[in-house]
Asker: 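The following block contains the structure, expressed as structure tokens.
Residues: numbered from 1 along the sequence shown.
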Amino acid sequence: MKRREKPQIQKPKMLIVDDKAVNRYVLRSIFEDDYEIVECQDGRGAIEVLEERRDGVAAVLLDIVMPVCDGFAVLKYMKETELNMVPVILISSNVDDKNIHRASDYDVADYIQKPFQEEVVRRRVQRVVGLFQVKRENEEYEQAE
């Protein structure tokens, strides 16, 4: 008798963008059971991933301060290419009013400060992803009417 294999449920994709490998490692370890993780060490790599997987990214965890191409350049790209249905959660140790105000111009979903507190990060990301999923479903329903 041939054994049936369980069908693989495809995990949603999460893009983690941070120039420090240790931060990517910590975030990956928090979310790898629930998401397919794609990592980039700078904004240029994040833009390339977003171009390739335009509709396949469920959430972006984005550092602000990075060499080559910073988080605000990624946010600008996402706004210009109408990727506003992908929730972005900024991750930074540099939490100041200037950055928070600037991030609000790009409809950032949340802002998480480093160092990470695992349970807080997990809950906040789950909440944001869930809200965006409901928003997407509502917009698809309205378009179908």
Asker: Any chance you could lay out the side chain to side chain contact (heavy atoms under 4.5 Å, CB included) test for L50 and V74, step after step, and finish with the verdict?
Answerer: CA-CA 9 Å; L50 289 166; V74 175; 4.1 Å; yes

Asker: With a 3.5 Å cut-off and sequence neighbours excluded, list the donor-acceptor pairs that the side chains of residues 100-108 form with protein atoms.
Answerer:
from : atom 1 : to   : atom 2 : distance (Å)
S104 : OG     : H101 : O      : 2.6

Asker: Indicate yes or no: at least one non-hydrogen side-chain atom of R28 is less than 4.5 angstrom from one of M14.
Answerer: no

Asker: Among all residues two or more places apart in sequence or in another chain, which pass the salt bridge (Lys or Arg N to Asp or Glu O under 4.0 Å) test with R136?
Answerer: none

Asker: Do D70 and V65 have side chains that get closer than 4.5 Å, going by heavy atoms?
Answerer: no

Asker: Taking the side chain as every heavy atom from C-beta outward, state whether Y77 and L83 have any atom pair closer than 4.5 Å.
Answerer: yes

Asker: How far apart are the C-alpha atoms of V49 and V17, what are their side-chain angles, what is the distance that settles it, and do they pass the side chain to side chain contact (heavy atoms under 4.5 Å, CB included) test?
Answerer: CA-CA 10 Å; V49 168; V17 188; over 6 Å; no

Asker: Using a 3.5 Å distance criterion without hydrogens, assess whether the side chain of R24 forms a donor-acceptor pair with backbone atoms of I16.
Answerer: no

Asker: How long is the straight-line distance from CG of D63 back to OG of S93, given to the nearest 0.5 Å?
Answerer: 7.0 Å

Asker: Taking the basic N atoms (NZ, or NE/NH1/NH2) and the acidic carboxylate oxygens, is any pair closer than 4.0 Å for E119 and R123?
Answerer: yes

Asker: For the residue pair G45 and D42, what are the closest heavy atoms and their distance?
Answerer: N-OD1, 2.9 Å

Asker: Below 4.5 Å, heavy atoms only, C-beta onward: do V38 and V57 meet side chain to side chain?
Answerer: no

Asker: Grab the two heavy atoms, one from V129 and one from A58, that are nearest each other, plus how far apart they are.
Answerer: CG2-O, 4.2 Å

Asker: Return the set of residues passing side-chain contact (heavy atoms from CB on, under 4.5 Å) with D110 (not counting sequence neighbours), or none when no residue passes.
Answerer: I89, R124, R127, V128

Asker: List in chain and number order the residues that pass salt bridge (Lys or Arg N to Asp or Glu O under 4.0 Å) with E80, two or more places apart in sequence or in another chain; answer none if no residue qualifies.
Answerer: K76

Asker: Any chance you could measure I64, atom CD1, to Y111, atom OH, to the nearest 0.5 Å?
Answerer: 3.0 Å

Asker: Is any side-chain heavy atom of V125 less than 4.5 Å from a side-chain heavy atom of I112?
Answerer: yes

Asker: Restricting to side-chain contact (heavy atoms from CB on, under 4.5 Å), what partner residues turn up for N23, sequence neighbours left out?
Answerer: D18, K20, K114, F116

Asker: Over all heavy atoms of both residues, which pair between M66 and Q41 is shortest? Give the atoms and the distance, please.
Answerer: SD-O, 4.1 Å

Asker: Main chain of I37, side chain of K11: is a donor-acceptor contact present, judged purely on distance under 3.5 Å?
Answerer: no

Asker: Please check if the number of heavy atoms outside E137 that lie under 6.0 Å from its CD is greater than 12.
Answerer: yes

Asker: Please report the interatomic distance OH(Y25) to CD(E32), rounded to the nearest 0.5 Å.
Answerer: 8.0 Å

Asker: Determine the minimum heavy-atom distance between I30 and R122, stating which atoms define it.
Answerer: O-NH1, 2.8 Å

Asker: Can you tell me how far the CG atom of L15 sits from the CG atom of L61, to the nearest 0.5 Å?
Answerer: 8.0 Å

Asker: Return the minimal non-hydrogen interatomic distance between F132 and V86, and the atom names on each side.
Answerer: CE2-C, 4.3 Å

Asker: Name all residues meeting the salt bridge (Lys or Arg N to Asp or Glu O under 4.0 Å) criterion together with E51; count only those two or more places apart in sequence or in a different chain, and write none if there are none.
Answerer: none

Asker: Within a strict 4.5 Å, meaning less than it, do heavy atoms of the L90 and L75 side chains meet?
Answerer: yes

